[in-house]
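Everything on this sheet refers to the single structure shown next.
Keep in mind the model is a prediction, meaning the values are calculated, not measured.
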Amino acid sequence: MKKLLGILSFLVIFLVLNTVPASAAVNGVVKVGLRYGSSAVTSANLENTQSGGYDLGYYDDGRSFVTLGSLVKTAITMVPGGELGSFNQSGPYGSFDEAASAAGANGGWPAYVGGQFYARWSGGGNSHTSTSVAVRDTGSSAALFEFDCQGLYSLGVLPVGGPTWFKGYQYAGGFEYPRVTGGGLYVVNVVSLEDYIKGVLPYEMGTGWPMAALEAQAVCARTYASVTTKHLSTYGFDMCNTTDCQVYNGVNASGTDTDAAVDATAGECVRYQGELAETVYHSCDGGATESAENVWGSAVDYLIGKADPYEATISIPNYSYTVTYTPSELTWVLQNSGYSIGTVKNAYVSERTPTGNVCKVTFVDTTGKSLTVKGATCRMAFYSTTYGKNVKSMRFSINGDNSGMTTGYYVNGSGSSLSSLSGAYTIAGTGTVTSYTGSAPYAVTSSGTAALNTTSGASNAASASPGSFVITGTGNGHNVGMSQYGALAMAKQGYSYRDILNFYYTDITVG
Ligand SMILES: [Zn+2]
């Protein structure tokens with residue numbers, strides 16, 4: 001999901017709708033991946049301009065920080081242990097300070113390895129393991145600490161005194177630096193659920209929105225963060241910080257209003273029959289939300305599509321869209337997306353949901369083979385980065401096609417057609433309009449008149465050029481759950497955040 005106030009793009013949360021864990025946040029603490037996988041780093045800075053201090057240690061299984069020692073430094077840098085080169089070692093020692101004192105005599109650094117403290121200094125023949133992470137002084141590069149619990153625990157750094165800078169953003173809470181692959185470091189922000197929500201709201205909605213809308217968004221974001229374990233098994237943290245989960249960039253963009261919305265709803269979540277709900281949301285529904293089963297295939301009792309009378313009462317940026325594909329472009333897009341189909345001759349909405357959203361789109365190729373795509377794939381079937389084209393919602397219609405030459409009469413190009421001449425009108429040279437009663441019509445051309453022919457490819461066919469597929473629609477996102485702009489519209493009409501949540505989620509409670 002993402003920033004809403006500007007140009008809207010995709011707003012998607014993909015959830016596993018059938019498996020809702022009781023809770024993901026452990027003891028009110030969430031882990032948010034900032035760098036991981038292919039974005040793992042070989043050095044990660046922290047800058048604490050508040051007090052210039054850090055506690056060093058690790059987060060235990062209950063996500064409590066276990067302090068091993070402390071540093072008085074403003075800027076530190078975490079790197080893979082191997083960056084420090086081969087080393088000598090003495091110990092074990094009884095504490096961080098004892099190890100630091102012994103290391104200091106040799107210009108070395110204290111290390112916490114396998115649960116015990118050692119002094120290490122450069123030289124000798126020892127080398128660091130693939131799970132070792134070191135802390136350096138950012139300015140001098142001097143080694144300050146080394147942590148190696150063979151992957152059982154990861155280095156934790158807890159800034160003293162307040163939010164800390166990492167890569168241009170300021171974060172509450174502490175950090176964890178897993179070295180899962182033996183290569184670079186992951187950077188994980190370990191933060192209280194409420195502080196996390198304060199870092200989501202400015203990006204998923206924005207300061208300046210009405211309080212009721214911000215409060216509804218806060219409850220949705222909190223509920224989502226309380227249930228999701230999306231990245232836990234793969235990366236060891238709950239959520240990433242992108243549109244894939246919820247956009248989160250720490251406290252930089254927080255406003256007094258977004259913070260107030262979080263505080264006013266502290267601890268409140270959306271529940272269905274007592275269980276935490278999956279509060280999916282999207283930018284705007286274009287006129288009606290959609291049932292989860294028509295989008296993701298599985299029915300969810302509280303995610304039921306309904307007509308939305310609120311969005312239309314406000315002006316929503318980029319509310320409507322028009323996307324035009326030529327048959328060859330559309331053929332390429334479908335084939336490149338893995339669909340088995342030849343040159344597309346026709347594309348049409350073959351089924352709508354009870355709320356009027358697109359349930360199925362059928363494509364027909366020139367050999368007569370048809371392909372029907374369902375649910376959320378309806379809009380994704382038209383998605384192309386190559387052509388920069390994007391059907392943004394499942395509320396659209398398709399006009400024009402390339403198929404009618406054998407079955408109808410095209411007038412003024414491919415955009416409008418007559419399936420027969422029954423009911424057609426003619427204009428005489430005198431300007432008189434009469435019902436057409438003949439069977440062999442002529443059209444006026446630049447060189448006189450020509451008989452119309454309904455056979456594709458005939459020289460006097462009524463329409464000569466291949467049609468394009470013009471897709472026009474409204475809305476932005478997957479259409480399931482809360483519409484954020486709908487929430488804005490409701491808030492402007494004086495509805496409360498509870499009203500908003502109860503409208504977009506069926507039969508839920510808030511608390
Ligand atoms: Zn994610």
Expected list for residues 31-40: side-chain donor-acceptor pairs under 3.5 angstrom, two or more places apart:
residue	atom	partner	partner atom	Å
Lys31	NZ	Glu176	OE1	3.1
Lys31	NZ	Glu176	OE2	3.2
Ser39	OG	Tyr36	N	2.9
Ser39	OG	Tyr36	O	2.8

Hits for salt bridge (Lys or Arg N to Asp or Glu O under 4.0 Å) against Glu351, two or more places apart or cross-chain, chain-then-number order -> Lys360
Hey, could you give me each pair passing salt bridge (charged side-chain N to carboxylate O under 4.0 Å, His left out) that has a residue in residues 254-267? Not counting sequence neighbours. Lys198-Asp263
Got a sec, which residues hit salt bridge (Lys or Arg N to Asp or Glu O under 4.0 Å) with Glu194, two or more places apart in sequence or on another chain? Arg222
Suppose we screen for salt bridge (Lys or Arg N to Asp or Glu O under 4.0 Å). Which residues come up paired with Asp301, at least two apart in sequence or across chains? none
Can you name the closest pair of heavy atoms from Thr313 and Pro309 and give their distance? CG2-O, 3.7 Å
Sequence neighbours excluded, the answer for ring pair (Phe, Tyr, Trp, His ring centres under 6.0 Å) partners of Phe382 is Phe363, Phe396
Partner residues of Tyr505 under the ring pair (Phe, Tyr, Trp, His ring centres under 6.0 Å) criterion, sequence neighbours left out: none
What residues, two or more places apart in sequence or in another chain, satisfy side-chain hydrogen bond (donor to acceptor under 3.5 Å, both in side chains) together with Tyr497? Glu268
With sequence neighbours excluded, give me every salt bridge (charged side-chain N to carboxylate O under 4.0 Å, His left out) pair touching residues 282-291. none
For Glu311, enumerate each residue passing the salt bridge (Lys or Arg N to Asp or Glu O under 4.0 Å) test, keeping only those at least two apart in sequence or located in another chain. none
If you look only at pairs with a residue in residues 56-70, which of them pass as a side chain to side chain donor-acceptor pair (under 3.5 Å), with sequence neighbours excluded? Asp55-Ser70, Arg63-Asp238
Pairs touching residues 138-163 that satisfy salt bridge (charged side-chain N to carboxylate O under 4.0 Å, His left out), sequence neighbours left out: Arg120-Glu146
